[in-house]
Amino acid sequence: MPNLSFAPTDHLFVLTGAGVSAESGLSTFRDSGGLWDNYRIEDVATPDAWHRDPHLVWHFYSKRRRAAAAAKPNPAHLALAALERSLADRFFLCTQNVDNLHEKAGSQRIHHMHGELFKSRCDSCSRPPFQDTSLYEPPAGLPRCTCGGKIRPHICWFGEIPFGLDRIFAALDRCTLFVAIGTSGTVEPAASFAAHAKRHARTIYVGPEPPSNQFLFDEIFLGKAGELLPTLLALGNI
Ligand SMILES: [Zn+2]
């Protein structure tokens, strides 16, 4: 089994994608061809869908909350959390996943570029996103903000700009080792992160299939993240 070696001065940037959640039994639109649980992207995961039928949108995200609440982190999540405990501020985790499995595994230095399933925010005022585990399914009504606006899922929908790109690119500039895990390399802007990092960092991919941007990686490890990462990231290799 191969392993990665780290220098004491390395700064690690980890990008995780749908494959990591899928190994815990959670799938997403992005890896299911746009149709998920009989819902279409354009009906529940776009700003237009929200304006057209917020009840349907909340019905969909309530189901997602229920599924994610029951899911457990897998060995890939746990290996990343263990590595963070060792590297501390030299570790940055950027995830495209909206579930909280990284947090359940103990990750703290984490950025959810596509939002968080267990947060909501007002669609009208500047009230910051807040923790929200509620299910808004019929016959429950739509949640409302004190300003009168509608409370929406804190999710980056298709057609919206991912969160915290400044913070992400600052971390990419700092990194000396870039590791993409279980992400297809087709969804922008995340697919371009490897190109940005490659100018100054070693780039590594871990996942079951080669990503579509595989030419950007110095090393590719094919297999399940939950099976490969515990050894690849073993603390003894730092
Ligand atoms: Zn409001």
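Ligands are counted one by one from 1 in listed order, and the atoms in each one are counted from 1 as well. Position 1 is the first residue of the sequence, and the numbers go up from there. Atom set for the values below is all heavy atoms of this structure, side chains included, hydrogens, waters and symmetry mates excluded.
H11 and R90 are not linked by any side-chain donor-acceptor pair at a separation below 3.5 angstrom, with hydrogens and angles left out of the test. With no hydrogens or angles considered, no side-chain donor-acceptor pair links H112 and N100 at under 3.5 Å. S134 and D132 share a side-chain donor-acceptor pair at under 3.5 Å.
Side-chain N or O atoms of H114 include one that pairs as donor or acceptor with a backbone N or O of Q96 at under 3.5 Å.
R202 has a carboxylate O that lies under 4.0 Å from a charged side-chain N of E219, or vice versa, which qualifies the two as a salt bridge.
Applying the ring-ring contact (aromatic ring centres under 6.0 Å, His included) test to H102 and every residue at least two apart in sequence or in another chain returns H77.
The set of protein atoms (N, O or S) found at less than 2.8 Å from the Zn ion (ligand 1) reads C122 SG, C125 SG, C145 SG, C147 SG, by chain and number.
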